[in-house]
Novice: 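One structure, as structure tokens, below. Some questions next.
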Amino acid sequence: LKPVRPERVDTPTASEIRIAGEHFEYLKQMLDRDRLILAGRTEGAEFGIVIFESENLTTATAVMTHDPAIIQGVMSGEIFPYRLAFWRRH
């Protein structure tokens with residue numbers, strides 16, 4: 001995810017603050033449904049990464065396009081299908 005207006009990080013509008021809260025709640029719902037693996041952003045907030053489980057690219061696209069921040073034009077997103085090879089098991 002990338003902010004459409006990079007200045008939003010330092011000078012968010014009231015609307016952007018509200019939408020960021022909706023985005024956060026959307027991600028929390030994904031976590032509660034055990035779909036979200038991880039989400040976060042770079043320290044400078046240049047972009048964020050959301051990794052989640054999906055059955056296929058169509059479903060992944062639907063998850064992304066239903067994010068309130070995408071719907072309301074505060075963030076843009078791109079999907080990169082990913083296959084896990086190694087991970088820490090503890």
Side-chain angles (χ1 to χ4, degrees):
L1 295 168
K2 265 185 124 167
V4 172
R5 192 178 72 82
E7 305 81 30
R8 176 186 67 81
V9 176
D10 297 319
T11 56
T13 66
S15 177
E16 289 169 332
I17 292 169
R18 177 185 53 77
I19 294 166
E22 292 173 11
H23 164 71
F24 187 77
E25 287 301 318
Y26 183 73
L27 294 177
K28 280 178 50 180
Q29 289 172 11
M30 289 177 62
L31 185 63
D32 292 344
R33 291 192 312 264
D34 209 26
R35 180 170 233 165
L36 180 67
I37 296 170
L38 67 86
R41 67 179 195 180
T42 59
E43 293 217 2
E46 298 88 356
F47 65 90
I49 296 174
V50 177
I51 298 177
F52 60 93
E53 288 188 57
S54 180
E55 296 78 22
N56 54 50
L57 185 56
T58 301
T59 304
T61 300
V63 169
M64 182 185 72
T65 58
H66 284 88
D67 185 318
I70 300 284
I71 291 170
Q72 297 178 69
V74 171
M75 295 181 193
S76 63
E78 190 171 350
I79 293 178
F80 296 91
Y82 186 81
R83 213 171 276 213
L84 190 61
F86 299 100
W87 65 94
R88 184 175 61 191
R89 296 179 190 216
H90 60 276

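Computed from heavy atoms alone, side chains included, the values below leave out hydrogens, waters and symmetry copies. All residue numbers refer to positions in the sequence shown, counting from 1.
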Novice: Can you give me the closest heavy-atom contact between Glu16 and Thr11, atom names plus distance?
Specialist: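 Scanning both residues, the minimum pair turns out to be OE1-O, 4.2 Å.
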Novice: If you round to the nearest 0.5 Å, how far is CD1 of Ile79 from CG of Leu57?
Specialist: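 The CD1 atom of Ile79 is 5.5 Å from CG of Leu57, to the nearest 0.5 Å.
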Novice: With a 6.0 Å cut-off (strictly less than), is the heavy-atom count around CG of Asp32, excluding the residue itself, greater than 12?
Specialist: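 Atom CG in Asp32 is packed in, count exceeds 12.
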Novice: Got a salt bridge between Arg33 and Glu53, using NZ or NE/NH1/NH2 to carboxylate O under 4.0 Å?
Specialist: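 No.
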Novice: Looking at Pro3 and Ala45, what are the two nearest heavy atoms and their distance?
Specialist: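 Scanning both residues, the minimum pair turns out to be CG-O, 3.6 Å.
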Novice: Looking only at heavy atoms, what is the nearest atom pair of Ile70 and Gly77, with distance?
Specialist: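 Result for this residue pair: CD1-N, 3.5 Å.
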Novice: Please name the pair of heavy atoms, one in Thr59 and one in Ser54, separated by the smallest distance, quoted to 0.1 Å.
Specialist: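 That closest heavy-atom pairing would be CB-OG, 3.4 Å.
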Novice: What distance separates His66 NE2 from Thr61 OG1, expressed to the nearest 0.5 Å?
Specialist: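 Going from NE2 on His66 over to OG1 on Thr61, the span is 11.0 Å.
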Novice: His23 and Met75: which non-hydrogen atoms are nearest, and at how many Å?
Specialist: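 It is CD2-CE, 3.9 Å.
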Novice: In the structure I gave you, are the side-chain heavy atoms of Leu36 and Tyr26 within less than 4.5 Å of one another anywhere?
Specialist: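 Counting from C-beta outward, Leu36 and Tyr26 never come under 4.5 Å.
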Novice: Does some side-chain heavy atom of Phe52 sit less than 4.5 Å from a side-chain heavy atom of Val63?
Specialist: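 Result yes, sub-4.5 Å side-chain heavy-atom pair found.
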Novice: Answer yes if Trp87 and Tyr82 sit in the same cluster of Ile, Leu, Val, Met, Phe, Trp and Tyr residues linked by side chain heavy atoms under 4.5 Å apart, and no otherwise.
Specialist: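 Yes; tracing contacts between hydrophobic side chains, which count when under 4.5 Å, links both residues.
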Novice: Rounded at 0.5 Å granularity, tell me how far CG in Leu38 sits from CG in Leu31.
Specialist: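 Those atoms lie 10.5 Å apart.
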Novice: How long is the span from the CD1 atom in Ile71 to the CD atom in Glu22, to the nearest 0.5 Å?
Specialist: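 Reported value, rounded in 0.5 Å steps: 9.0 Å.
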Novice: Would you kindly confirm whether Phe47 and Ile51 end up in one hydrophobic cluster when ILVMFWY residues are joined by side chain heavy atoms under 4.5 Å apart?
Specialist: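 Same hydrophobic cluster.
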Novice: CG/Leu27 to CZ/Arg35 distance, rounded to the nearest 0.5 angstrom?
Specialist: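 The CZ atom of Arg35 is 12.5 Å from CG of Leu27, to the nearest 0.5 Å.
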Novice: For Ile19 and Ala69, which heavy atoms make the closest approach, and how far apart are they?
Specialist: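 Here Ile19 and Ala69 meet closest at CG2-CA, 3.7 Å.
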